[in-house]
2 protein chains.
Amino acid sequence: MRSARLPRVTLAEQVRDFLVLEIAQGRIPPGTPLRELEIAEQLGTSQTPVREAFRALAALGLLESRIHVGTRVREVAEQDLVDAVPVRSALEGVAGRLAAPRMKGEGQELRAAFDAMLHVAASGDRLAYADASTQFHRSIVQAARNESLLRAWNALGIEVMTIMTMASTDVPLEVAAESHREVLEALESGDPEQAEQLLAHHVAEYLPGRLQVERHADDGRTEPATA
Amino acid sequence: MRSARLPRVTLAEQVRDFLVLEIAQGRIPPGTPLRELEIAEQLGTSQTPVREAFRALAALGLLESRIHVGTRVREVAEQDLVDAVPVRSALEGVAGRLAAPRMKGEGQELRAAFDAMLHVAASGDRLAYADASTQFHRSIVQAARNESLLRAWNALGIEVMTIMTMASTDVPLEVAAESHREVLEALESGDPEQAEQLLAHHVAEYLPGRLQVERHADDGRTEPATA
DNA sequence: ATTCTATGCATTATCGATAATGCTTGCTAC
DNA sequence: GTAGCAAGCATTATCGATAATGCATAGAAT
């Protein structure tokens, strides 16, 4: 969002990002209890920034805290990937609808994000690809110029989910990246209907194989997912 | 959510709720700068819980913070009411779709929430009505049993919005309450399609008169709103 | 054996104080 | 008069220490 702009300074944010990566990449497995003071010591900070990071991650559903008892990494992170599908689909559909008219003609930022995604896909770095993909989708949501929408979307924690998904699927990056092209074009053409449709569908496109199976029991209208 | 169950203990939560009411009811007008230490002194706590409350409210979009500079009440709370309409509509539509099959037959909790709403509407207490209405809608979102959905919905800060809406509209409470009946019935009947439709539409039903005007410039598919 | 109760312990929640930051104002140089 | 710089100030960000809480365990009573 402001990634390169401001140096992302606070310790709390650094701690948060550290934990996100540790958890998303499986170095801290689900169920692990996290103690504020322990993490603080480990990172050389005081309890305060760690506590703040815990709160932020709990809001994303990555941790769960019980007051006066403790915090641990949530077990169900995988179910979340599945749950998120219809929600993301709905939200990004709205985003497409609202963003399309504003994009007509000037999708510079979005196209830049798309190009970055293609570029990074060629490099084979799945983590970097996750970043690029997240940035692409966030650009769309931001283009809708709707604070509520952005907030709801952020609450889903797409960054983390995308990282986790990329880590557990083996879809070739080029294919994944290429699948964004029609979305980009629909937005650039400025057609709200088509943008909504394509985005809602696209978001439901890839899901790690293992998860695809469980999916069908559940929703019934949207299809598979990643992005 | 757990309102009566656990006593909602932490100071941070109390501070948060205090601020929500002050802001929602206009006793702290938009634009007001809030200083952590000042609020702390005013409430007889230390800076820490206040800081935590600030963060939570910033996440809801009620405050905006700039690092090392300060925090103030967001100006645009009113625009948010408008922005939230298509987002809420989409989210609650999904909620209805997912919740309906689970509710078939046993909508006890939801019906209880509905009855509470009717009851409180008769009393004329608009603040209490806002609570009841929020509880009704939250029940539906919870019934969908989808963590991501609940998180996204919570991120919208419906409680606050409903309080603010009720404060600035003059729709008779009985009418507002009654309008939930068909939603309830659709859910009890267990039909996902109909529940989705009705909810998405219902959510877009009431908006304070002053705001209705601005609305039409903006979205184009969903209609007016409160709930 | 089972339930109740008291006590200790692990952990968070809160506190008061200090460090760090960014804004602003006033000065200086041109 | 204006641009650049420096010092002071308001405010947050962080720290280290203490208070409060809930859980678990062990013992007593039945």
Side-chain angles (χ1 to χ4, degrees), chain A residues 1-20 22-23 28-75, chain B residues 1-20 22-23 28-75:
Chain A
M1 202 159 178
R2 43 115 108 101
S3 32
R5 287 283 156 81
L6 308 185
R8 179 66 117 339
V9 274
T10 67
L11 263 182
E13 283 168 312
Q14 291 173 247
V15 173
R16 167 166 62 73
D17 290 350
F18 167 78
L19 289 173
V20 163
E22 292 295 295
I23 294 170
I28 306 181
T32 309
L34 297 182
R35 282 174 293 284
E36 294 178 354
L37 285 169
E38 182 180 305
I39 303 287
E41 184 180 22
Q42 186 180 329
L43 298 182
T45 77
S46 71
Q47 182 190 2
T48 313
V50 176
R51 180 180 173 76
E52 213 165 282
F54 277 20
R55 285 291 151 91
L57 296 181
L60 285 187
L62 212 59
L63 303 180
E64 69 191 340
S65 292
R66 287 177 54 204
I67 182 179
H68 274 299
V69 173
T71 294
R72 52 181 205 164
V73 181
R74 266 188 83 214
E75 285 286 358
Chain B
M1 202 158 176
R2 42 116 108 105
S3 32
R5 286 284 154 81
L6 308 187
R8 179 67 116 345
V9 274
T10 66
L11 263 181
E13 283 168 313
Q14 291 174 246
V15 174
R16 168 165 62 72
D17 291 350
F18 168 78
L19 289 173
V20 163
E22 292 294 297
I23 294 170
I28 307 180
T32 309
L34 297 182
R35 282 175 293 285
E36 293 178 355
L37 285 169
E38 183 179 306
I39 302 288
E41 185 179 22
Q42 185 179 329
L43 298 182
T45 77
S46 72
Q47 182 189 2
T48 313
V50 176
R51 180 180 174 77
E52 213 166 282
F54 276 21
R55 285 290 149 90
L57 296 181
L60 284 187
L62 212 59
L63 303 180
E64 70 192 340
S65 292
R66 287 176 55 202
I67 182 178
H68 273 299
V69 173
T71 295
R72 53 182 202 164
V73 181
R74 266 188 82 214
E75 285 286 359

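The sequence lines fix the lettering, A, B, ..., with proteins before strands; numbering per chain opens at 1.
- A:Val15 and A:Val50 get closest at one heavy-atom pair: CG1-CA, 4.1 Å.
- Between B:Ala53 and B:Ala12, the closest heavy-atom pair is CB-O, 3.8 Å.
- Rounded to whole Å, atom C1' of D:dA13 lies 8 Å from atom CG of A:Leu11.
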Between B:Leu19 and B:Arg16, does the side chain to side chain contact (heavy atoms under 4.5 Å, CB included) criterion hold? Intermediate values first, please. CA-CA 5 Å; B:Leu19 289 173; B:Arg16 168 165 62 72; 6.0 Å; no
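- Rounded to the nearest 0.5 Å, atoms CG (B:Leu37) and CD (B:Gln42) are 12.5 Å apart.
- The two residues B:Val73 and B:Pro30 have their closest heavy-atom pair at CG1-CA, 3.6 Å.
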Under 4.0 Å protein heavy-atom contacts per nucleotide of nucleotides 19-25 of chain D, with B for base, S for backbone only and - for none: -BSSS--
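- Residues from residues 53-60 of chain A placing a heavy atom under 4.0 Å of any atom in DNA chain C, listed by number, are A:Arg55.
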Using distance only, find each side-chain donor-acceptor pair of residues 57-68 of chain A under 3.5 Å and give its atom names and separation, not counting sequence neighbours.
| residue | atom | partner | partner atom | Å |
| --- | --- | --- | --- | --- |
| A:Ser65 | OG | A:Thr71 | OG1 | 2.7 |

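- For DNA chain D, the neighbouring residues in residues 45-52 of chain B, judged by any heavy atom under 4.0 Å, are B:Gln47, B:Arg51.
- Of all non-hydrogen atoms in A:Ala40 and A:Ser46, the two that sit nearest each other are CB-O, 3.5 Å.
- For DNA chain D, none of the residues of residues 32-43 of chain A falls under the heavy-atom distance limit of 4.0 Å.
- Scanning all heavy atoms of the two residues, the minimum distance from B:Pro33 to B:Arg72 falls at CA-CB, 3.7 Å.
- Under the rule for a side chain to side chain donor-acceptor pair (under 3.5 Å), the partners of A:Gln47 that lie at least two apart in sequence or sit in another chain are A:Glu36.
- Heavy atoms from other residues, nucleotides or ligands lying under 6.0 Å from CD of A:Glu41 number 12 at most.
- Between the OG1 atom in B:Thr10 and the CD atom in B:Glu52 there is a gap of 6.5 Å [rounded to 0.5 Å].
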